[in-house]
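Right, one structure below, let's go through it.
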Amino acid sequence: MENNEKKRILSMYQCTGTFTLGNYLGAIRNHIHFQEEGYQCVYALADLHAITVRQEPAQLRRYTMEAYAFLLAAGLDLEKTIFFVQSHVPEHAQLAWLLNCYTQFGELSRMTQFKDKSQKHADNINAGLFTYPCLMAADILLYQTDYVPVGADQKQHVELARDIAERFNGAYSPTFTVPEPIIPRRGARVMSLQDPTRKMSKSDGNNNGCISVLDDPDTIMRKFKRAVTDSEGGVRYSDEKPGVKNLMEIYSALTGRTMEEIEREFDGKGYGDFKPAVAEAVISELQPIQERFQEIVKDKSYLQQCYRQNAEKASAIARRTVQKAMKKIGFLPIS
Ligand code: ATP
Ligand code: LTN
């Protein structure tokens, strides 16, 4: 298949902290897999989104660089995939403004993430937090994206991007490809090990509920051993046992085993056997990636060369879309 016939996939990651096991299982690992399945993949670090919550400057730079290195270590192949940093491609901010004017206050008010984050950061409910989904719609629509793989938490934002695209196309003429979300079956929502009713989130800090992809084996083992379960004791998949259900989902995502197979494997055994087995599966997945990461992250000039070249590739595509949209709206062309 030629590149221009391939369906395009786009996804992005906030660089607000070290990736969690949730980011890895729910997103990164699947996204990297798409490279091998004949899609044109476009991935980026959403640093413009990151500043909707206050970031410490030196830390934001470090997290961005480390996130870039981590994806390469996890197998992202720059021969096949475009991978850049959002703020390096100014068209994102440019299209976001335009789309702001095609999005209703009421639509943005209904976004679950806005409601959650404005509760969490009650002292900084800034306009960017509110219009975050318009920037995300711009990210997606700039690249004429067919599919957007994201965790279940982001589905609502992708649906809004669809609505905006349809509205714009309807008001003028076809301009944007209308994207579809892809939600993974396994690992779609990895929950906190301490509170299995809340998603594992890197912005919650590196506490016992959250596995960082750079945690060492002892830390991973300790966190799993302390994971909240229940007093029943059996490895059984049930909504009434959210802690065990979460651990089973993690184990299933890593081993490929079904819930029935896992129940059989641990039949007659307790959490004392199950928790370390889950931890071991996580450790053996992450260890080789961590080793490659340590090599890549040291080589700053290589990383810089990669993100610079990829920003240029992304910009070449994004520029065409912005020009097309501006022309339709009626802006006076400069030449
Ligand atoms: P933050 O905590 O700063 O809000 P995050 O970790 O929730 O960030 P991103 O880094 O922007 O979110 O997410 C990257 C991808 O990881 C997204 O596709 C998102 O849906 C997915 N993801 C995030 N958390 C989880 C989780 N706990 N389980 C599964 N997928 C997740
Ligand atoms: N909002 C997403 C990150 C994100 C994204 C995107 C995902 C920003 N732009 C475009 C898919 C497509 C998040 O918080 N996970």
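Position 1 is the first residue of the sequence, and the numbers go up from there. Order of appearance sets the numbers: ligands from 1, and atoms from 1 within every ligand.
Less than 6.0 angstrom separates the ring centroid of Phe84 from the ring centroid of His92.
Residue Thr16 has at least one nitrogen or oxygen atom sitting less than 3.5 Å from a nitrogen or oxygen atom of ligand 1, judged on distance alone. Taking only nitrogen or oxygen atoms, main chain and side chain alike, Met12 does not reach within less than 3.5 Å of ligand 1. For ligand 1, none of its N or O atoms has an N or O atom of His31 under 3.5 Å away. Looking at ligand 1, you'll find an N or O of Val190 within less than 3.5 Å of one of its N or O atoms. The shortest N or O to N or O distance between Met200 and ligand 1 is under 3.5 Å. Looking at ligand 1, you'll find an N or O of Gly22 within less than 3.5 Å of one of its N or O atoms. Where the criterion is an N or O separation shorter than 3.5 Å, residue side chain and backbone included, Tyr13 fails it with respect to ligand 1.
Each of the following atoms of ligand 1 lies closer than 4.0 Å to a heavy atom of Gly151: 18 (O), 19 (C), 20 (O). Here is the list of ligand 1 atoms found below 4.0 Å of a heavy atom in Arg189: 28 (N), 29 (C). Close approach of ligand 1 to Gln154 (heavy-atom distance below 4.0 Å) involves ligand atoms 20 (O). Listed by number with element, the atoms of ligand 1 under 4.0 angstrom from any heavy atom of Gly26 are 29 (C), 30 (N). Of all atoms in ligand 1, numbered sequentially from 1 with element shown, those under 4.0 Å from a heavy atom of Lys117 are 4 (O).
Of the charged side-chain nitrogens involved, none lies within less than 4.0 Å of a carboxylate oxygen, so that Lys7 and Glu180 do not count as a salt-bridged pair. A salt bridge links Glu295 with Lys298: the distance from a Lys NZ or Arg NE/NH1/NH2 to an Asp or Glu carboxylate oxygen falls below 4.0 Å.
In this structure a side-chain-to-backbone donor-acceptor pair under 3.5 Å is present from Thr321 to Leu142. Judged by distance alone, with hydrogens and angles left aside, the side-chain atoms of Thr81 form no donor-acceptor pair with the main-chain N or O of Phe83 at under 3.5 Å. Listed for the Lys155 side chain is no donor-acceptor partner under 3.5 Å among the backbone atoms of Pro181.
Judged purely by distance below 3.5 Å, without hydrogens or angles, the side chains of Glu260 and Tyr237 never pair a donor atom with an acceptor atom. A donor-acceptor contact closer than 3.5 angstrom links the side chains of Thr20 and Asn23. Side chain to side chain, Asp139 and Gln86 meet the donor-acceptor criterion of an N or O pair below 3.5 Å. In this model, a donor atom of one side chain and an acceptor atom of the other lie less than 3.5 Å apart for Thr219 and Asp216. Inspection of the Tyr63 and Gln55 side chains reveals no N or O donor paired with an N or O acceptor under 3.5 Å.
In Leu60, the CG atom is crowded: over 12 heavy atoms of neighbouring residues, nucleotides or ligands sit closer than 6.0 Å.
Here the shortest heavy-atom distance to atom 15 (C) of ligand 1, taken over Cys15, Ala253, Ser11, Ala27, belongs to Ala27.
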Between ligand 2 and the protein, which N/O pairs fall short of 3.5 Å?
{"from": "ligand 2", "atom 1": "1 (N)", "to": "Tyr132", "atom 2": "OH", "distance (Å)": "2.6"}
{"from": "ligand 2", "atom 1": "1 (N)", "to": "Gln154", "atom 2": "OE1", "distance (Å)": "2.9"}
{"from": "ligand 2", "atom 1": "9 (N)", "to": "Asp139", "atom 2": "OD2", "distance (Å)": "2.6"}
{"from": "ligand 2", "atom 1": "14 (O)", "to": "Gln14", "atom 2": "NE2", "distance (Å)": "3.3"}
{"from": "ligand 2", "atom 1": "14 (O)", "to": "Tyr132", "atom 2": "OH", "distance (Å)": "2.9"}
{"from": "ligand 2", "atom 1": "14 (O)", "to": "Gln154", "atom 2": "NE2", "distance (Å)": "3.3"}

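By the criterion of side-chain heavy atoms lying less than 4.5 angstrom apart, applied directly or through intervening Ile, Leu, Val, Met, Phe, Trp or Tyr residues, Val85 is grouped together with Ile28 in one hydrophobic cluster.
Under a 4.0 Å heavy-atom criterion, Asp153 is in contact with ligand 1.
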